[in-house]
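Worksheet: the structure to be examined is printed underneath.
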Amino acid sequence: ERTALIDRVVVPETWFFRDRPAIDALARHVVEEWGRTHKGAVFRLLSVPCSTGEEPYSLAMAFAIAGWPLPRLHIDAVDIGRQNLERAARGVYGRNSFRGEDLKFRESFLELVEEGAWRVARRVREPVKFECGNLLADDFSANRKPYDAVFCRNLLIYFDRPTQARAIKALDRLLTPEGWFAVGPAEPVLLLAHGYEVM
């Protein structure tokens with residue numbers, strides 16, 4: 001019953017390349033700067049909450065577009081909603097997941113499976129590992145290796161101040177010292193209070 005309730009109340013409003021500048025900026029940074037000092041390394045990224053999967057898949061596509069080899073990308077995509085994760089794992093999306101005028105990525109990274117439905121290509125799905133998890137759970141950080149970037153967008157605004165601070169601290173502990181922390185357009189001020197600076 002608790003799982004069913006969670007699936008009812010979570011907000012699965014997302015689409016491919018939502019707030020694209022942040023996604024593209026990270027991909028450029030990794031190709032142009034990070035990769036030069038981390039020869040042969042795998043870039044580790046956390047997407048939480050990942051909702052129905054459009055964000056982590058968009059990140060993988062952006063890295064591919066920027067020229068980063070996808071075998072050197074690992075994305076842990078975490079969400080508390082099991083129905084969201086089931087849809088994300090299928091990787092099939094309808095028209096509502098494609099917004100804006102620039103949809104060139106759809107031709108390159110998705111295939112039409114039926115009228116109005118597209119499946120994410122295998123090479124884009126392979127770097128992404130979906131899992132059910134609660135960012136605020138005590139064991140969320142257990143057995144996780146450090147991440148080079150965290151995308152936690154449009155979640156903190158739903159929390160009160162103490163819960164925001166708890167979530168930020170939990171994610172901060174998972175970031176490498178020079179890691180990137182991406183939040184939604186209304187949330188940067190929350191990170192400034194925790195020692196982060198805007199890129």
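Ring to ring, Tyr57 and Phe98 are not that close: their centroids are 6.0 angstrom or more apart.
Residues Arg119 and Glu114 are not paired through a salt bridge, judged by the lack of any N-O separation under 4.0 Å between the basic side chain and the carboxylate. With respect to Glu131 and Arg144, a salt bridge is recorded, a charged nitrogen being found less than 4.0 Å from a carboxylate O.
Distance CZ/Arg95 to CZ/Arg99: 14.0 Å, rounded to 0.5 Å. How far CZ of Arg153 is from CD of Glu55: 4.5 Å, rounded to the nearest 0.5 Å. Distance check, rounded to the nearest 0.5 Å: CZ of Arg82 to CD of Glu86 gives 8.5 Å. Atoms SG and CD1, on Cys152 and Ile168 in that order, are 8.5 Å from each other to the nearest 0.5 Å. Distance check: Leu46 CG to Leu171 CG gives 6.5 Å after rounding to the nearest 0.5 Å. Here the CD1 atom belonging to Ile80 is positioned 12.5 Å from the OG atom belonging to Ser51, to the nearest 0.5 angstrom.
Across Asn134 and Phe140, no two heavy atoms sit closer than the pair O-CD1, 3.3 Å. For the residue pair Ser97 and Glu54, the shortest heavy atom distance occurs at OG-OE2, 2.7 Å.
One hydrophobic cluster holds both Leu103 and Ile23 under the rule that ILVMFWY side chains link at heavy-atom gaps under 4.5 Å. In the hydrophobic cluster analysis, where Ile, Leu, Val, Met, Phe, Trp and Tyr join through side-chain heavy atoms closer than 4.5 angstrom, Leu135 is grouped together with Leu175. If you chain together hydrophobic residues whose side chains sit under 4.5 Å apart, Trp34 and Val31 fall into the same group. Hydrophobic clustering, with ILVMFWY side chains joined whenever heavy atoms are under 4.5 angstrom apart, groups Leu174 together with Leu136.
With a 4.5 Å cut-off on side-chain heavy atoms, Phe16 and Met61 count as touching. Using a 4.5 Å cut-off on side-chain heavy atoms (C-beta onward), Arg90 and Arg87 make contact. Contact annotation: the side chain of Val120 never approaches that of Val128 to less than 4.5 Å [non-hydrogen atoms, C-beta and beyond].
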Distance-only donor-acceptor pairs under 3.5 Å for side chains of residues 62-75, two or more places apart:
from, atom 1, to, atom 2, distance (Å)
Trp68, NE1, Arg72, O, 3.0
Arg72, NE, Ala41, O, 2.8
Arg72, NH2, His38, O, 3.4
Arg72, NH2, Ala41, O, 3.1
His74, NE2, Asp76, OD1, 2.8

Could you list the donor-acceptor pairs under 3.5 angstrom formed by side chains in residues 104-112, with sequence neighbours left out?
none

Validation: residues 189-196 side-chain donor-acceptor distances under 3.5 Å, sequence neighbours left out:
from, atom 1, to, atom 2, distance (Å)
Tyr196, OH, Asp172, OD1, 2.5

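Both tests hold for Arg20 against Phe17: distance to the six-membered ring centre under 6.0 Å, angle to the ring axis within 45°.
Taking a 6.0 Å sphere around CG of Asp138, one finds it holds 12 or fewer heavy atoms contributed by other residues, nucleotides or ligands.
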